[in-house]
Amino acid sequence: DDTLDLTKVLLTPDGVRASGTTLIGGGGPRDGPFWARGVYVVRGNASLSNEVYVALGETNLDAIKQKRLDAGKAFLAADAGAAADMAGLEMARITPADVEGGAPLAARSVVADETQPALRKANIAGNDLVLTFSEPVVLASVTPSLLALTDSAGNGDPLDADLPAVAGADGREVVLNLAALCGAPPVCTLVEGVFNTTTNATSNATTVCEIQDACDSEKASAIFARYDALWVVATASLATDYAGNPSAPVGPLREADPVCDCLSGQFVTEPCTERTDAVCAPCTGSCESGFYIVSACGGFQDIACRACRSCQTPFFANGGCAGGQDRICSECTVCGIMEYEATPCTAGVDRTCISCERSSECVDPTPQCENAAKWWKQANCCYDDDGVQLPCNEMLEANVRISKRNSREHWVYDTIPAVEAGFELGDASTA
């Protein structure tokens, strides 16, 4: 599933490349850029592992709807390498019908689009009223007179039926120029004189002129001047989508400026304009291995990463190189004159040292301590009369005490004498 490249897949209503659309996205990690846009790929399990399920997301669905992929009229073609199997073998090409020998795959079933488009947002940009719908709508279906500029209670006048509608930034956006019909000259009609049979006289011809009502931009300005805001009310069938579904009634919907800031966890990839919202993308969660974050995600930039420092001799890597922390380089431990190296100082581990000043050196000396511990052995590798190892300067005192203890083993006392310090009470008969 992670090999599928949707940019190499063509969906078309008649099998011909020119009338179809390619897609965006493909397989990838769940925190990748397309998952945030609703585009992801999942492979089936066990016996269904040869099936792949694709969530198309709004961008792909918009493109498909505008190509009118209706029930019974959907075909798929694909370039070679659009996916690969578990052995890494690439998928063969599926050619569209306009290529000699082409045989695009016909969809076994297509669920008809029965969702009504809805007006989601209205924005005044200069003299333009920018309408944003929940899905692409057919521009020719837009009927301006079914939209009214109102106050918060929905009181207002519908737009002029002859107001021109033009396409906006994408298929969901329609732009109405509210000033298009402003300044139109009055419509005048010449009324000819009427013959009066009584007076046998004909009245003078007159010109009757129809004064134009305030144009739509003037109406919008008047509402703004009074309420410091403007609302729109959309009657049903203001527009239809590419499946012929009429738009639902909406309103009063307050006019809103473009959104220029992104949500937490996102950054701006395209700034807002007078008409359009800012385009946002999800922040990258972390840097790749071997890098750390030097600046946080926000504003107009994603996280910035920098390669972690390399720890050179005499230092070793002691953590870090994660999140916003560079690699920590700690100085390697230096063994003392009475120590030897047990393990070296390597990439992520400090040097370990073992002391030569230990009793085992008296009975089982190590080659590493052979020279370093000579003086220590002379001062510490002595044994008392009981065979206990002890420092040589304590041997005489210990032997005197042992001698005294041994000399009393045959004495008989009416009461048990106090035990001298350094000795334990024992049974002389078993000594």
State, yes or no, whether a side-chain contact exists between Pro117 and Val137 at a heavy-atom distance under 4.5 Å.
yes

Contacts satisfying salt bridge (Lys or Arg N to Asp or Glu O under 4.0 Å) that involve residues 304-324 (not counting sequence neighbours) are Arg309-Asp326

Run the side chain to side chain contact (heavy atoms under 4.5 Å, CB included) test on Thr273 and Thr276 for me, step by step, so that the C-alpha distance in whole Å, both residues' side-chain angles and the decisive distance to 0.1 Å come before the verdict.
CA-CA 5 Å; Thr273 66; Thr276 60; 2.7 Å; yes

Just jot down the side-chain hydrogen bond (donor to acceptor under 3.5 Å, both in side chains) partners of Glu51, sequence neighbours excluded, or say none.
Tyr53

Check against side chain to side chain contact (heavy atoms under 4.5 Å, CB included), Asp241 and Val138:
CA-CA 6 Å; Asp241 65 13; Val138 179; over 6 Å; no

Is the closest side-chain donor-acceptor distance between Thr7 and Thr22 under 3.5 Å?
no

Do you see a donor-acceptor pair shorter than 3.5 Å between the side chains of Ser359 and Glu361?
no

Nearest 0.5 Å, please: how far is SG in Cys356 from CD1 in Ile337?
10.0 Å

Could you give the distance from CD (Glu339) to SG (Cys369), rounded to the nearest 0.5 Å?
9.5 Å

In terms of side-chain heavy atoms, does Asn155 have a donor or acceptor partner in Thr150 at a distance below 3.5 Å?
no

Do the side-chain N and O atoms of Glu135 and Thr115 include a donor-acceptor pair separated by under 3.5 angstrom?
no

Using every non-hydrogen atom in the two residues, find where Val250 and Ala118 come nearest and quote the distance to one decimal.
CG2-CB, 4.5 Å

Gln325 side-chain N/O to Tyr292 backbone N/O, donor-acceptor pair under 3.5 Å
no

Between Thr240 and Ser141, is there a donor-acceptor pair closer than 3.5 Å when you use the side chain of the first and the backbone of the second?
no

Check whether any side-chain heavy atom of Cys260 lies under 4.5 Å from a side-chain heavy atom of Pro271, and answer yes or no.
no

For the residue pair Leu119 and Leu147, establish whether any side-chain heavy-atom pair is separated by less than 4.5 Å.
yes

Gamma sulfurs of Cys392 and Cys381 within less than 2.5 Å:
no

Is it true that a side-chain atom of Ser355 and a backbone atom of Glu357 form a donor plus acceptor pair closer than 3.5 Å?
yes

When you measure from the side chain of Glu394 to the backbone of Pro391, do you find a donor-acceptor pair of N or O atoms at a distance under 3.5 Å?
no

Does some side-chain heavy atom of Glu370 sit less than 4.5 Å from a side-chain heavy atom of Pro365?
no

So Leu10 and Thr21, do their side chains get closer than 4.5 Å, heavy atoms only?
no

Examine distances only and state if a side-chain atom of Ser247 and a backbone atom of Ala239 form a donor-acceptor pair shorter than 3.5 Å.
yes

Look only at the side chain of Ser221 and the backbone of Ser217, and say whether a donor-acceptor pair between them is shorter than 3.5 Å.
yes

Between the side chain of Asn123 and the main-chain N/O of Ala256, is any donor-acceptor distance below 3.5 Å?
yes

Suppose we screen for side-chain hydrogen bond (donor to acceptor under 3.5 Å, both in side chains). Which residues come up paired with Asp160, at least two apart in sequence or across chains?
none

Measure the spacing between OG1 of Thr313 and CZ of Phe315 and express it to the nearest 0.5 Å.
10.0 Å

Should Ser152 and Trp231 count as side-chain neighbours, where that means a heavy-atom distance under 4.5 Å?
yes

Donor-acceptor under 3.5 Å (Thr12 side chain, Val16 main chain):
yes

Ile124 versus Leu178: any side-chain heavy-atom pair under 4.5 Å?
yes

Is it true that atom CG of Asp170 has more than 12 heavy atoms of other residues, nucleotides or ligands lying nearer than 6.0 Å?
yes

Looking only at non-hydrogen atoms, find the nearest pair between Met91 and Ala82 and report the distance.
CE-CB, 3.5 Å

Determine, stepwise, if the pair Ile24 / Leu6 fulfils side chain to side chain contact (heavy atoms under 4.5 Å, CB included).
CA-CA 6 Å; Ile24 65 165; Leu6 293 177; over 6 Å; no

Just wondering, are more than 12 heavy atoms of other shown residues or ligands nearer than 6.0 Å to CD in Glu397?
no

Counting N and O atoms only, with roles assigned by atom type, does the side chain of Arg68 sit under 3.5 Å from a partner on the main chain of Tyr242, one being a donor and the other an acceptor?
yes

Report the C-alpha distance between Arg17 and Asp79 in whole Å, list the side-chain angles of each, state the deciding distance to 0.1 Å, and finish with yes or no for salt bridge (Lys or Arg N to Asp or Glu O under 4.0 Å).
CA-CA 12 Å; Arg17 178 177 293 275; Asp79 294 336; 3.7 Å; yes

Please report the shortest heavy-atom distance between Ile303 and Thr284, naming the atom on each side.
CD1-O, 3.5 Å

For a quick test of reading the model, state the closest non-hydrogen atom pair linking Leu163 to Leu176 and the distance between them.
CD2-CB, 4.1 Å

Looking at every heavy atom in both Pro252 and Ala153, which two are closest together, and how far apart are they?
CG-C, 4.1 Å

Between Lys8 and Asp5, does a side chain to side chain contact (heavy atoms under 4.5 Å, CB included) hold up when you go through it step by step?
CA-CA 6 Å; Lys8 296 182 178 180; Asp5 184 356; 3.7 Å; yes

Any side-chain donor paired with an acceptor under 3.5 Å for Asp350 and Thr333?
yes

Are Met338 and Trp375 side-chain neighbours, meaning at least one heavy-atom pair lies under 4.5 Å?
yes

Verify the neighbour count for atom CG of Asp228: are there more than 12 heavy atoms of other residues, nucleotides or ligands below 6.0 Å?
no

Please answer whether the main-chain N or O of Thr343 pairs with a side-chain N or O of Thr352 as donor and acceptor at a distance below 3.5 Å.
yes

Where Pro136 and Arg172 come nearest, the two heavy atoms and their spacing:
N-CG, 3.7 Å

